Protein chains: 2
Amino acid sequence: MSYKEKKVITIGVVSELTGLSERQIRYYEERKLIFPERTKGGTRKYSFTDVERLVDISNKMEDGMQTFEIRKMEQKQLRQTELREKMLRGQLNAAFNIRK
Amino acid sequence: MSYKEKKVITIGVVSELTGLSERQIRYYEERKLIFPERTKGGTRKYSFTDVERLVDISNKMEDGMQTFEIRKMEQKQLRQTELREKMLRGQLNAAFNIRK
DNA sequence: CGTGTAAGGAATTCTGACACG
DNA sequence: CGTGTAAGGAATTCTGACACG
């Protein structure tokens, strides 16, 4: 796993990097938009990918979007990505079968 | 600046990532081998580059090297890198001057 | 709904020092 | 020299709740 995805940053630093309050960051977790890991003691740990996602969430919130809309939108994008990959695989298989 | 060099990791996480004790990590700073940043409150913050350097230091310590030797070695490598670049620039300049 | 805040407690980190060797 | 540890304090984070709207 690359450094970008490694969960190592505490909430205070994430707050500085994103400009969001700790309250907001915890709330977005409650709304299933972000998934930090925890230390044994229970302290949250975030990755740079999480930081990027939070900035994105922040922009969407400023545009008046609600948390559940953001969640839905991300799920939709995920489904479409999967669909695209599925179709691509299908075409590759077809091309392969024609040749043999 | 890339994520790899951004100082965002607290000493507890660095300890886990490197296998070094917090005492060791602070001591290597005292010996000028590592240079974390600080939060306003005074908490140390490290980068992934620092983590890599600490693993390297750890290996050298296991090989019986002393902290001042490690520091000297790194300074030496830095000087040689600078020297190489200097010579390279010199050759490029010479080649350029010949042509004009 | 999204966010601020005060509250009390727990986890984390800090420094300076003593110890061993 | 390099590292462990106990000590006391400060900074950081956590949760659940009340407030506003």
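Chain letters run A, B, ... following the sequence lines, proteins first, then strands; residues in each count from 1. Predicted model, so just to flag it, every value in this text is computed and none were measured.
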Exercise. Nearest nucleotide by nearest heavy atom, which residue falls closer to the 5' end of DNA chain C, B/Gly41 or A/Leu20?
Worked result: A/Leu20
Problem set entry | Distance below 4.0 Å between A/Thr43 side-chain N/O and D/dC14 OP1 or OP2 | no
Problem set entry | Nucleic acid contacts - residues 55-70 of chain A versus DNA chain C, non-hydrogen atoms under 4.0 Å | A/Met61, A/Gln66, A/Thr67
Problem set entry | Gap between atoms CD1 and P, on B/Ile25 and C/dT13 respectively (whole Å) | 10 Å
Exercise. Roughly, in whole Å, what's the span from CD in A/Glu30 to P in C/dG2?
Worked result: 10 Å
For this session: Take the protein atom CG of B/Leu54 and the nucleotide atom C1' of D/dG2, then report the distance between them rounded to whole Å.
Result: 15 Å
Exercise. How close do B/Tyr46 and B/Thr10 get, heavy atom to heavy atom, and via which atoms?
Worked result: CD1-C, 4.4 Å
For this session: Round to a whole Å and report the spacing from CD of A/Glu29 to P of D/dT13.
Result: 14 Å
For this session: Output yes when a side-chain donor or acceptor of A/Thr81 lies under 3.5 Å from a complementary backbone atom of A/Gln77, and no otherwise.
Result: yes
Problem set entry | Student check: side-chain heavy atoms of A/Arg26 and A/Arg44 closer than 4.5 Å | yes
For this session: Kindly point out which of C/dC14, C/dG2, D/dC14 is positioned nearest to the side chain of B/Arg44?
Result: C/dC14
Problem set entry | Phosphate OP1/OP2 of D/dT12 contacted by B/Thr10 side-chain N/O (<4.0 Å) | no
Exercise. What closest approach, in Å, do B/Met65 and B/Met61 show between heavy atoms, and which atom pair accounts for it?
Worked result: O-SD, 3.4 Å
Kindly give the atom pairs (protein nitrogen or oxygen, nucleotide nitrogen or oxygen) under 3.5 Å for nucleotides 4-6 of chain C.
unit_1	atom_1	unit_2	atom_2	d
C/dG4	OP2	A/Ser21	OG	2.6
C/dG4	N7	A/Arg23	NE	3.1
C/dG4	O6	A/Arg23	NH2	3.0
C/dT5	O4	A/Arg23	NE	3.3

Exercise. Taking CZ from A/Arg26 and P from D/dT12, how many angstroms apart are they, rounded to a whole number?
Worked result: 13 Å
For this session: Report yes or no: does B/Arg71 contribute a side-chain atom to a donor-acceptor pair with the main-chain N or O of B/Arg31 at less than 3.5 Å?
Result: yes
For this session: With DNA chain D as reference, determine whether B/Thr39 or B/Tyr28 sits nearer its 5' end, using the nearest nucleotide of each.
Result: B/Tyr28
Seminar exercise, completed: In whole angstroms, the gap separating C1' of C/dT12 from OH of B/Tyr46 amounts to 13 Å
Exercise. Once you round it to whole Å, what is the distance between C1' of C/dT12 and NZ of A/Lys45?
Worked result: 13 Å
Problem set entry | Separation of C/dG16 C1' from B/Tyr27 OH (nearest whole Å) | 16 Å
Exercise. Can you find a pair of side-chain heavy atoms, one from B/Asp56 and one from B/Glu52, that are under 4.5 Å apart?
Worked result: no
Problem set entry | Qualifying residue, where the test is salt bridge (Lys or Arg N to Asp or Glu O under 4.0 Å) with B/Asp50 and the options are B/Lys4, B/Lys6, B/Lys7 | B/Lys7
Seminar exercise, completed: Stems of at least 3 consecutive Watson-Crick or G-U wobble pairs (donor-acceptor distances under 3.5 Å) involving DNA chain D, listed by first number, are C:2-5 with D:17-20, C:17-20 with D:2-5
Exercise. Side chains of A/Val8 and B/Phe48: closer than 4.5 Å at any heavy-atom pair?
Worked result: yes
Exercise. Do B/Ser2 and B/Glu5 meet the criterion of a side-chain donor-acceptor pair at a distance under 3.5 Å?
Worked result: yes
For this session: Please examine the side chains of B/Glu85 and B/Arg89, heavy atoms only from C-beta on, and report whether any two atoms are closer than 4.5 Å.
Result: yes
Problem set entry | Non-hydrogen side-chain atoms of A/Val51 and B/Tyr3 separated by less than 4.5 Å | no
Exercise. Would you say A/Met1 has more than 12 foreign heavy atoms packed within less than 6.0 Å of its CE?
Worked result: yes
Exercise. Can a side chain N or O of B/Arg38 be found less than 4.0 Å away from OP1 or OP2 on D/dA10?
Worked result: no
